[in-house]
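Beneath this line is the structure, given in structure tokens, with notes to follow.
Keep in mind that the numbers below use all heavy atoms, side chains included, and drop hydrogens, waters and symmetry copies. All ligand and atom numbering here is 1-based and tracks the order in the structure.
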Amino acid sequence: MAQSRLQVFCDRLEQELRPHLDLTSEHPHHPVIVRHCPSPWYCVGTGNYAAVVAHPDFPAWVVKVYAPHREGFAAEVEVYRRLGTHAAFSECYYAKDGILVLRRLHGTTLYDCAHRGIPIPRKVIEDIDQALDYVYAQGLNPHDVHGKNVMLGVDGRGLVVDISDFLKPEPCYAWKDLKRAYYCLYRPLIAGLKLKIPYAFLDHVRTVYRVYRRLGDRLFLKP
Ligand SMILES: Nc1ncnc2c1ncn2[C@@H]1O[C@H](COP(=O)(O)OP(=O)(O)OP(=O)(O)O)[C@@H](O)[C@H]1O
Ligand SMILES: [Mg+2]
């Protein structure tokens with residue numbers, strides 16, 4: 001039954017979504033722009049490489065669609081194959097020509113939590129740490145684990161929403177730096193204030209962080 005429902009979902013995305021969804025990616029450091037999404041499909045999130053779309057009649061799944069000329073589809077399929085089943089990650093049920101069907105994760109990215117003033121419990125950080133230990137154990141390399149790629153789940157647990165770069169061999173300090181910001185800045189200074197941080201400020205912090213990390217990598221600064 002579930003299998004045939006998934007089949008219906010995949011058929012409908014190929015007929016209704018793929019031919020009409022219009023995506024563009026103007027810069028690899030800025031989110032993809034959804035120029036048109038055929039109703040009732042709707043966008044649940046965008047990253048720098050892809051848009052993620054859902055359908056109201058199929059709440060269990062989302063469709064991740066890579067923007068034209070953005071690489072990473074085949075690597076993401078391979079990472080999902082190697083990750084198998086784990087509560088902190090999604091799973092891939094279908095993959096074809098730049099489109100993946102993934103289990104929908106229900107929650108709020110930590111980036112959106114900061115914007116909306118939603119408290120981020122320590123347990124979320126610990127869950128993600130454990131999930132990343134599992135990633136290492138599968139011979140993969142957690143990469144690009146930043147605030148838009150991790151979530152506070154509706155059950156209060158930590159989730160990793162984007163695993164697409166986990167085949168990259170070079171070290172990535174995003175999660176270690178984010179964790180440091182959580183323990184050194186967020187918990188002592190921000191959490192109690194219930195601040196709602198504007199997106200413009202959060203994006204500015206991301207840009208400054210990118211420059212800091214690039215410099216740090218050149219100077220061999222490790223967290
Ligand atoms: N399985 C999922 N369930 C629910 N929402 C999701 C799921 N996967 C992704 N999203 C949402 O879509 C957004 C973009 O997805 P994702 O991070 O995978 O794109 P990306 O282009 O690979 O990102 P990046 O810029 O980090 O490389 C996420 O930040 C999240 O809000
Ligand atoms: Mg992402």
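- Interface atoms of ligand 1 facing Ala50, defined by a heavy-atom separation under 4.0 Å, are 21 (O).
- Comparing His146, Lys64, His30 by heavy-atom distance to atom 19 (O) of ligand 1, the nearest is Lys64.
- Near Asp144, with a cut-off below 4.0 Å to any heavy atom, the atoms of ligand 1 are 26 (O), 27 (O).
- The atoms of ligand 1 that sit less than 4.0 Å from any heavy atom of Thr109 are 31 (O).
- Close contacts between ligand 1 and Ser164 involve ligand atoms 22 (O) [criterion: under 4.0 Å to a heavy atom].
- Remark: His36 NE2 is packed, more than 12 non-hydrogen atoms of other residues, nucleotides or ligands lying under 6.0 Å away.
- Using bins of under 30°, 30° to 60° and over 60° for the plane-to-plane angle, the ring pair Phe58/His55 lands in the perpendicular bin.
- Inclusion of Asn149 in the first shell of the Mg ion (ligand 2) is supported: an N, O or S atom falls under 2.8 Å.
- Tyr136 has its side chain within reach of Pro142: a pair of non-hydrogen atoms, C-beta onward, lies under 4.5 Å apart.
- Of the heavy atoms in Thr46, only backbone atoms (N, CA, C, O) come closer than 4.0 Å to ligand 1.
- Atoms of ligand 1 lying under 4.0 Å from any heavy atom of Asn149, numbered from 1 in the order shown and given with element: 17 (O), 26 (O).
- Side-chain contact between Arg122 and Tyr183 is present, with at least one heavy-atom pair separated by less than 4.5 Å.
- When non-hydrogen atoms are compared, ligand 1 lies under 4.0 Å from the backbone of Val161 as well as from its side chain.
- Checking Asp162 against the Mg ion (ligand 2), an N/O/S atom falls under the 2.8 Å cut-off.
- In this structure, atom 29 (O) of ligand 1 lies nearest to the protein heavy atom Lys148 O, 2.8 Å.
- In this structure, Val101 and Cys10 have side chains that are in contact, with non-hydrogen atoms separated by less than 4.5 Å.
- In this structure, the protein non-hydrogen atom closest to atom 4 (C) of ligand 1 is Leu105 O, 3.2 Å.
- Ring centroid separation for the pair Phe9 and Trp41 comes in under the 6.0 Å cut-off.
- Looking at Asp144 and Trp175, their side chains never come closer than 4.5 Å, going by heavy atoms from C-beta outward.
- The protein heavy atom nearest to atom 25 (O) of ligand 1 is Asn48 N, 2.7 Å.
- Two residues are said to be in side-chain contact when any heavy atoms from C-beta on lie closer than 4.5 Å; Val150 and Thr109 fail this criterion.
- Atoms of ligand 1 lying under 4.0 Å from at least one heavy atom of Tyr49, given by number and element, are 21 (O), 27 (O).
- Of the heavy atoms in Val62, only side-chain atoms (C-beta onward) come closer than 4.0 Å to ligand 1.
- Within the 6.0 Å centre-distance limit, the rings of Tyr134 and His86 are counted as a close aromatic pair.
- Taking a cut-off of under 4.0 Å to the non-hydrogen atoms of Ser90, the atoms of ligand 1 that pass are 1 (N).
- Ligand 1 places these atoms under 4.0 Å from at least one heavy atom of Gly45: 12 (O), 13 (C).
- Polar contact with ligand 1: present for Asp162 (N/O pair, distance under 3.5 Å).
- Proximity of Arg103 to ligand 1 is established by a heavy-atom distance of less than 4.0 Å.
- Within the 4.0 Å heavy-atom criterion, neither part of Asp165 lies near ligand 1.
- When the heavy-atom distances from atom 15 (O) of ligand 1 to Val52, Val44, Val65, Val63 are ranked, the shortest goes to Val52.
- Annotation: side chain of Leu110 is not in contact with side chain of Met151 (no heavy-atom distance under 4.5 Å).
- Residues Thr108 and Arg116 meet the side-chain proximity criterion, which asks for heavy atoms closer than 4.5 Å.
- More than 12 heavy atoms of other residues, nucleotides or ligands lie within 6.0 Å of CZ in Arg210, so this atom counts as buried by the packing criterion.
- Separation of the Tyr199 and Tyr111 ring centroids falls under the 6.0 Å cut-off.
- Nearest to atom 5 (N) of ligand 1 among the protein's heavy atoms is Met151 CE, 3.9 Å.
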